[in-house]
Amino acid sequence: MSPPIQKRILVTGGCGYIGSHTLVSLLDPSNATDNDVEYSVVVVDSLANSSSESLRRVADISSLQNFTIDHEGRSGQDDDERLVFRKVDCCDKPAFQAVFEEFAPRGGFHAAVHFAGLKAVGESKLVPLQYYRDNIGSTLTLLELMEQYGCRSVVFSSSATVYGVAKDETAKLKETDEVGVTITNCYGRTKYMIEQILGDFHSSHALLRKEGNQDAKDWSITILRYFNPVGAHPSGKMGEDPHGVPNNLMPFVAQVAVGRRPHVAVFGNDYATPDGTGIRDYLHVMDLADGHVAALRYMDLDNSNSHKNGVGKLNVFNLGTGTGYSVLDMVRAMSKACGKEIPYVIGPRRPGDVTIYMADPSKAKNDMGWEAKRNLDDMCDDLWNWQTNNPNGYGASD
Ligand code: NAD
Ligand code: WQD
């Protein structure tokens, strides 16, 4: 048997919630056997909303020996150099370029997965420039450096929020549905704008070639629109570690369950849904993580086909389960997981919230062969396991 092909993936924002779980999927040998690929990862993260402790947990779960991080935010070499960390703000071009320079002599990066960004919807309305600077600025810098160093495959973390308020709120959202127009917040608009930027950038290469620039190489770009990721790694060693009061439902519910907060405030029970509370498409974070591995593989397939037809693709996929649960469904499911009643109080609606968000995830299944495998019990059991083992999250400061 020939040794697996090594592919080095640049992961921006890899210390955060979704990024860190995706690292585990990328480093999981059982994800590599069928096509003889072994991923190694280089993580860049500013630690603006995370702690590098998450990487120590990734190393632990992935059985990487001797993974260390020094006080400047640089990892030492684990024995196989499969997980590398550089504390870098992706908007800081010279610092980010130094990472590309460092790895260029060793073959550079096969692809990038771009998680880095700010994500708090409420905060984004208060400090919009910070959100535009961070989310759009980091993306532009990444694309410029990738082009310069000849890495032309990128997976981007977009969000269901780009759909805004759908005309028919009860319908499952499809990738071809309208985006952008009815977005209710600045965060969502940054995601929408980045999708537009990626589209313009993608189409520019074919145009440049038409103009006679034969060096303009095609890019392979995958936009993943996540629905509502929840849960944690089943080991209980990794999970979501929000700073301050959680904005999202399930981290809040988990903190009530563990006794850190008195009750859940349910944001409205007068929506047009069976129990009056908002419905969302919650998916297990490890299913979402696996979606990134599926996307990278799918892009490789696309790229090998593109030698035939000369076109690297831009693909958009919804990642969700296609099933919706209400706020009260979620509170009940978490009560079942932790074996006690979770107190809640009905409050007013939260401005900007939609009634129902559900994915039509069939395109991801048909094209990439990805579908969510974990159910609501898995999401809540794993969240509870994480929360009870780590009542104060990672508890580390960098
Ligand atoms: P997170 O905040 O846990 O992770 C984002 C990471 O990016 C953090 O570690 C943060 O320190 C880092 N970061 C921020 N700005 C940076 C910069 N300029 N340079 C380097 N690192 C930077 O968030 P998450 O939940 O893991 O989300 C990951 C991505 O997925 C984000 O782009 C987010 O917008 C998107 N997304 C998240 C959700 C969700 O519900 N969690 C849903 C849809 C999309
Ligand atoms: C879910 C439901 C709330 C908190 C947000 C972003 C979206 C994406 C995922 C990044 C809603 C209700 C919530 C609480 C509640 N993030 N709720 N009490 O709003 O669907 O999506 O996170 O891209 O862009 O908008 O998720 O978890 O905040 O809310 O009743 O304390 O829970 O009204 O119905 P949301 P959420």
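Predicted model, so just to flag it, every value in this text is computed and none were measured. Remember, it's 1-based here, ligands and their atoms both numbered in the order they're listed. Just so you know, these numbers use all the heavy atoms, side chains as well, and skip hydrogens, waters and symmetry mates.
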For [atom], the protein heavy atom that lies nearest, with its residue and separation:
atom                    : result
atom 5 (C) of ligand 1  : Gly117 O, 3.8 Å
atom 15 (N) of ligand 1 : Asp134 OD2, 2.8 Å
atom 19 (N) of ligand 1 : Cys90 N, 2.9 Å
atom 22 (C) of ligand 1 : Ser46 OG, 3.2 Å
atom 26 (O) of ligand 1 : Ile18 N, 2.8 Å
atom 28 (C) of ligand 1 : Phe115 O, 3.7 Å
atom 10 (C) of ligand 1 : Asp45 OD1, 3.4 Å
atom 39 (C) of ligand 1 : Pro229 CG, 3.6 Å

State, without any angle test, whether [X] and [Y] hold a side-chain donor-acceptor pair at a distance under 3.5 Å.
X      : Y      : value
Thr139 : His114 : yes
Asp381 : Asn385 : no
Arg225 : Tyr163 : yes
Ser157 : Tyr226 : yes

Just which atoms of ligand 1 are under 4.0 Å from any heavy atom in [X]?
X      : result
Ser157 : 29 (C), 30 (O), 32 (O), 35 (C)
Ala48  : 11 (O)
Leu47  : 11 (O)
Val88  : 19 (N), 20 (C)
Ala116 : 7 (O), 16 (C), 20 (C), 21 (N), 22 (C)
Ser50  : 8 (C), 9 (O), 11 (O)
Ser159 : 43 (C), 44 (C)

Taking the basic N atoms (NZ, or NE/NH1/NH2) and the acidic carboxylate oxygens, is any pair closer than 4.0 Å for [X] and [Y]?
X      : Y      : result
Asp329 : Arg332 : yes
Asp287 : Lys373 : no
Lys217 : Glu147 : no
Glu371 : Lys365 : yes
Lys7   : Asp300 : yes

(Q) Is there a polar contact, in the sense of an N or O pair closer than 3.5 Å, between Phe227 and ligand 1? (A)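 There is no such contact.
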Any heavy atom of [X] sitting closer than 4.0 Å to ligand 1?
X      : answer
Ser158 : yes
Lys191 : yes
Asp241 : no

Would you call the rings of [X] and [Y] parallel, tilted or perpendicular, taking 30° and 60° as the class edges?
X      : Y      : answer
Tyr131 : Tyr187 : perpendicular
His292 : Phe115 : tilted
Phe100 : Phe109 : perpendicular

Q: Sequence neighbours left out, what passes ring pair (Phe, Tyr, Trp, His ring centres under 6.0 Å) with Tyr357? Give chain and number order.
A: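 Partners of Tyr357 under the ring pair (Phe, Tyr, Trp, His ring centres under 6.0 Å) test: none.
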Q) Who's touching ligand 2 if we go heavy atoms under 4.0 Å? A)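 Lining ligand 2: Val121, Ser159, Thr161, Tyr187, Asn228, Asn247, Asn248, Leu249, Ala265, Val266, Phe267, Gly278, Arg280, Tyr282, Val327, Arg350, Asp353.
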Q. Nearest heavy atom to atom 36 (N) of ligand 1: which of Tyr17, Tyr187, Phe156 does it belong to?
A.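 Residue with the shortest heavy-atom distance to the ligand atom: Tyr187.
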Q: Determine, considering heavy atoms only, which of Leu319, Asp89, Thr141, Thr12 sits nearest to atom 18 (N) of ligand 1.
A: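 The nearest heavy atom belongs to Asp89.
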Q | Ring-ring centroid check Phe156 Trp219, cutoff 6.0 Å | A |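 Distance test on ring centres: not under 6.0 Å, no.
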Q: Check whether any side-chain N or O of Lys172 sits under 3.5 Å from a backbone N or O of Gly322 as a donor-acceptor pair, and report yes or no.
A: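 A pair under 3.5 Å: yes.
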Q. Checking Thr273 side chain against Thr277 main chain: does a donor-acceptor pair fall under 3.5 Å?
A.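 Checking the backbone N and O of Thr277 against the side chain of Thr273, a donor-acceptor pair under 3.5 Å is found.
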Q. For Tyr271, is the NZ or CZ atom of Arg349 found under 6.0 angstrom from the centre of its six-membered ring and inside 45 degrees of the ring axis?
A.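 Output yes; distance and angle both within limits.
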Q: Report the part of Asn248 in contact with ligand 1, treating N, CA, C, O as backbone and CB onward as side chain, heavy atoms under 4.0 Å; options are side chain, backbone, both, neither.
A: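 The answer is neither; Asn248 stays 4.0 Å or more away.
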